[in-house]
Amino acid sequence: MAAWAERLAGVRGVLLDISGVLYDSGSGGGTAIAGSVEAVARLKRSPLKVRFCTNESQKSRRELVGLLQRLGFDISEEEVTAPAPATCQILKERGLRPHLLVHDGVRSEFDDINMSNPNCVVIADAGESFSYENMNRAFQVLMELENPVLISLGKGRYYKETSGLMLDVGGYMKALEYACGIEAEVVGKPSPEFFKSALQAIGVEAHQAIMIGDDIVGDVGGAQQCGMRALQVRTGKFRPGDEHHPKVKADGYVNNLAEAVDLLLQHTDK
């Protein structure tokens, strides 16, 4: 008990991953992870500031929030930090016109973006659209540019659906990096800017915040590099080997979000 009190001392804000922590996606939209709906409700009734942080790039933020609401979660679009809206802001600020290699479900996020005569490529978890033809077209666009820019909505290796583990955008991003001899700009976890924007939204400093996620590298490692603490849940994409990762060690491992919230509410005000 004393160890948890020390690890959680001074926490004022909580960043929550969504997929694998709140719910597992899949057919019919997916299913809420046991205890997670009430865990979120308890957090929001507490004095702690809460922000939802996701690398979801197969659904628009509106669609994702609608799904979570149907599953019973108390959540609004304004409470979610997601990579597609952040990417659109970057594109506008830098005058970039993207060639999109993304899932149809997230294309609506780019409706206000000029895509004529592309001068960059934006890649996301495109699912079935990751064909050779589409990957090769993205490769060709990049190779035709004098200063190629590749922006990736996350760099996850895999994620979990109700049917099992699914290959994520990271492998495809790495393929384009290798083929084109370039380095992608990552918008989303584990990008420090992504975490900083989430913290800014709730007005909490990094040392006062804790991240709860299922990804040992993207969630835990990314948050810790920003000066935050991080817990890993044993749901979603968690694998037993994560607790012995050679480079990243979470500040604590918990069975699920409900257990994490129990600990937070017991110790953060002490």
Side-chain angles (χ1 to χ4, degrees), residues 1 3-23 32-56 61 64-65 68-69 71-83 86 188-238 248-270:
M1 295 291 282
W4 278 111
E6 183 178 340
R7 279 181 270 180
L8 301 177
V11 169
R12 298 290 178 266
V14 182
L15 303 189
L16 293 178
D17 183 27
I18 293 179
S19 179
V21 176
L22 273 58
Y23 88 116
I33 293 170
S36 59
V37 172
E38 177 58 21
V40 170
R42 291 177 67 204
L43 265 185
K44 297 186 76 170
R45 289 194 299 265
S46 80
L48 295 168
K49 303 284 186 68
V50 180
R51 186 78 181 172
F52 301 90
C53 299
T54 180
N55 274 5
E56 172 63 61
R61 183 163 55 173
L64 176 63
V65 167
L68 292 170
Q69 289 173 344
L71 291 175
F73 290 97
D74 175 12
I75 185 173
S76 66
E77 281 188 62
E78 293 72 26
E79 296 175 297
V80 177
T81 297
K189 299 172 292 184
S191 164
E193 291 75 17
F194 189 78
F195 286 107
K196 289 173 185 175
S197 69
L199 292 171
Q200 186 175 22
I202 57 174
V204 172
E205 298 293 328
H207 71 275
Q208 300 174 310
I210 194 162
M211 176 76 200
I212 301 175
D214 65 330
D215 187 327
I216 189 66
V217 176
D219 295 329
V220 174
Q224 288 175 336
Q225 287 179 351
C226 288
M228 296 170 57
R229 285 161 278 182
L231 302 180
Q232 187 181 17
V233 292
R234 298 186 181 99
T235 56
K237 68 169 67 172
F238 169 83
V248 182
K249 181 174 179 59
D251 293 280
Y253 302 90
V254 291
N255 289 324
N256 48 44
L257 179 60
E259 184 179 326
V261 171
D262 282 342
L263 290 164
L264 281 167
L265 298 185
Q266 284 175 43
H267 298 295
T268 52
D269 60 345
K270 296 181 180 179

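The shown structure was predicted, so the numbers you read here are calculated from the model rather than taken from an experiment.
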Can you measure from CD1 (Ile18) to CD (Glu56) and round to the nearest 0.5 angstrom?
8.0 Å
Give a yes or no on whether Gln200 atom CD has more than 12 heavy-atom contacts from other residues, nucleotides or ligands under 6.0 Å away.
no
Partner set under salt bridge (charged side-chain N to carboxylate O under 4.0 Å, His left out) for Lys196, not counting sequence neighbours:
none
Residues Ala82 and Phe194: closest non-hydrogen pair is C-CE1, 3.7 Å
If you apply the rule side chain to side chain contact (heavy atoms under 4.5 Å, CB included), what do you find for Leu257 with Ile33, and how did you get there?
CA-CA 9 Å; Leu257 179 60; Ile33 293 170; over 6 Å; no
So OH of Tyr253 and CZ of Phe238: to nearest 0.5 Å the spacing works out to 8.0 Å
Atom pairs and distances, donor-acceptor, side-chain atoms in residues 204-214, under 3.5 Å, two or more places apart:
residue, atom, partner, partner atom, Å
Gln208, OE1, Glu205, N, 3.1
Asp214, OD2, Lys237, N, 2.9

Can you sort out the partners of Arg51 under salt bridge (charged side-chain N to carboxylate O under 4.0 Å, His left out), two or more places apart, ordered by chain and number?
none
Restricting to non-hydrogen atoms, name the atom on Lys249 and the atom on Gln224 that form the minimum distance, rounded to 0.1 Å.
O-NE2, 2.9 Å
What pair of heavy atoms forms the shortest contact from Asp219 to Phe195, and how long is it?
O-CZ, 3.9 Å
Please check: side-chain N/O of Thr235 versus main-chain N/O of Val21, any donor-acceptor pairing under 3.5 Å?
no
With the side chain counted from C-beta on, respond yes when Leu68 and Phe52 share a heavy-atom pair under 4.5 Å apart, and no when they do not.
no
Applying side chain to side chain contact (heavy atoms under 4.5 Å, CB included) to Leu16 and Leu43, what does each step give before you reach the verdict?
CA-CA 11 Å; Leu16 293 178; Leu43 265 185; 3.9 Å; yes
May I ask you to decide if Gly188's main-chain N or O and Asn55's side chain share a donor-acceptor pair within less than 3.5 Å?
no
Side-chain heavy-atom pair Val40, Leu22 within 4.5 angstrom cut-off:
yes
For Glu77, side-chain hydrogen bond (donor to acceptor under 3.5 Å, both in side chains) partners two or more places apart
Arg62
Using the side-chain contact (heavy atoms from CB on, under 4.5 Å) criterion, which residues pair with Ala34? Sequence neighbours excluded.
none
Looking only at non-hydrogen atoms, find the nearest pair between Asn256 and Val233 and report the distance.
C-CG1, 3.7 Å
Residues in side-chain contact (heavy atoms from CB on, under 4.5 Å) contact with Asp262, at least two apart in sequence or another chain
Arg42, Gln266
Quick check: closest heavy atoms across Arg229 and Ala223, and the distance to 0.1 Å?
O-CB, 4.4 Å
Shortest non-hydrogen contact between Ile202 and Lys49, atoms and distance:
O-NZ, 3.3 Å
When you look at Arg7 and Leu263, which way does the side chain to side chain contact (heavy atoms under 4.5 Å, CB included) test go after all the steps?
CA-CA 10 Å; Arg7 279 181 270 180; Leu263 290 164; over 6 Å; no
If I take atom CG from residue Asp17 and atom NZ from residue Lys189, how far apart are they, to the nearest 0.5 angstrom?
3.0 Å
For Asp251 and Leu231, indicate whether the former's side chain and the latter's backbone hold a donor-acceptor pair under 3.5 Å.
no
Would Leu265 and Leu48 count as a side chain to side chain contact (heavy atoms under 4.5 Å, CB included) here? Give the steps.
CA-CA 9 Å; Leu265 298 185; Leu48 295 168; 4.2 Å; yes
